[in-house]
Chemist: 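This structure is in structure tokens; I'll ask about it shortly.
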Amino acid sequence: MGARHPGRAAVLAGHATVAAGLDIDCPVLVPLSKGSTPPIQWSEAMTTTDSVLVVADIARAATRLGDSVSVVRVKDAIHDVMLSGAEPRARVFAALRAWLIAGVLV
């Protein structure tokens, strides 16, 4: 394991920047799965949870993005929430629609 992943430094730098806090001055929507599954060994739960990142960590980090952040937890969504199955995808698009209608883009 002597080789290093070429993008790792950029990912870690991005994490550090978010951890320090950003000041995004527009509303931010953060859609997440409701749960995480460790990707250690295949399990059926990986088809309805985030098996890449820990969603609790993302939700915590989202609070440091700006003053107007909405976190939406989507039941049965995978890591790429918009690429989830039909039902969770419909839920995330409904949440996006409601977020926009609530005046976010006004």
Side-chain angles (χ1 to χ4, degrees):
M1 289 276 231
R4 299 174 94 177
H5 187 281
R8 185 169 190 261
V11 168
L12 294 176
H15 286 210
T17 300
V18 170
L22 301 176
D23 190 21
I24 298 173
D25 64 354
C26 65
V28 178
L29 179 65
V30 182
L32 302 169
S33 177
K34 276 201 170 196
S36 299
T37 301
I40 312 265
Q41 181 177 347
W42 168 256
S43 74
E44 192 63 29
M46 295 171 89
T47 65
T48 57
T49 60
D50 190 326
S51 61
V52 177
L53 300 172
V54 178
V55 294
D57 293 347
I58 299 168
R60 249 188 320 279
T63 64
R64 295 186 289 274
L65 295 176
D67 293 334
S68 180
V69 178
S70 301
V71 175
V72 175
R73 304 252 185 173
V74 182
K75 182 178 183 263
D76 295 333
I78 61 172
H79 173 70
D80 293 312
V81 176
M82 299 296 195
L83 299 178
S84 296
E87 289 180 24
R89 193 171 55 247
R91 284 192 284 275
V92 74
F93 278 111
L96 173 59
R97 216 173 359 266
W99 183 74
L100 292 170
I101 291 170
V104 171
L105 295 181
V106 175

Chemist: Ion pair present between R91 and D76, side-chain N to carboxylate O less than 4.0 angstrom?
Modeler: yes
Chemist: Using side chain to side chain contact (heavy atoms under 4.5 Å, CB included) as the criterion, point out the one residue from L53, V71, V92 that pairs with L32.
Modeler: V71
Chemist: Drop me the distance from L65's CG to S70's OG, to the nearest 0.5 angstrom.
Modeler: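 Taking CG in L65 and OG in S70, the distance rounds to 11.0 Å.
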Chemist: So, the side chain of S36 versus the backbone of V55: is there a donor-acceptor pair under 3.5 Å, distance only?
Modeler: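 Such a contact is found between S36 side chain and V55 backbone.
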Chemist: Look only at the side chain of S33 and the backbone of I78, and say whether a donor-acceptor pair between them is shorter than 3.5 Å.
Modeler: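 No, S33 side chain to I78 backbone: no donor-acceptor pair under 3.5 Å.
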Chemist: List the atom of M46, the atom of S51, and the distance in Å for their closest heavy-atom pair.
Modeler: CE-CB, 3.7 Å
Chemist: Would one find more than 12 heavy atoms of other residues, nucleotides or ligands at under 6.0 Å from atom CG of D67?
Modeler: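 Counting neighbours around CG of D67, 12 or fewer heavy atoms of other residues, nucleotides or ligands fall under 6.0 Å, so no.
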Chemist: What is the distance from atom OG1 of T17 to atom CG of L12, rounded to the nearest 0.5 Å?
Modeler: 10.5 Å
Chemist: Rounded to the nearest 0.5 Å, what separates atom CG in L100 from atom CZ in F93?
Modeler: 11.0 Å
Chemist: Hey, mind stepping through V72 and L29 against side chain to side chain contact (heavy atoms under 4.5 Å, CB included) and telling me if it holds?
Modeler: CA-CA 7 Å; V72 175; L29 179 65; 3.5 Å; yes
Chemist: Roughly how far apart are K34 NZ and R73 CZ, rounded to 0.5 Å?
Modeler: 9.0 Å
Chemist: Roughly how far apart are T37 OG1 and E44 CD, rounded to 0.5 Å?
Modeler: 10.5 Å
Chemist: So how far is it from I58 CD1 to D50 CG, rounded to the nearest 0.5 Å?
Modeler: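 Rounded to the nearest 0.5 Å, the CD1-CG separation comes out at 5.5 Å.
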Chemist: Please step through side chain to side chain contact (heavy atoms under 4.5 Å, CB included) for the pair L22 and R64, ending with a clear verdict.
Modeler: CA-CA 6 Å; L22 301 176; R64 295 186 289 274; over 6 Å; no
Chemist: Do W42 and T47 have side-chain heavy atoms sitting under 4.5 Å apart?
Modeler: yes
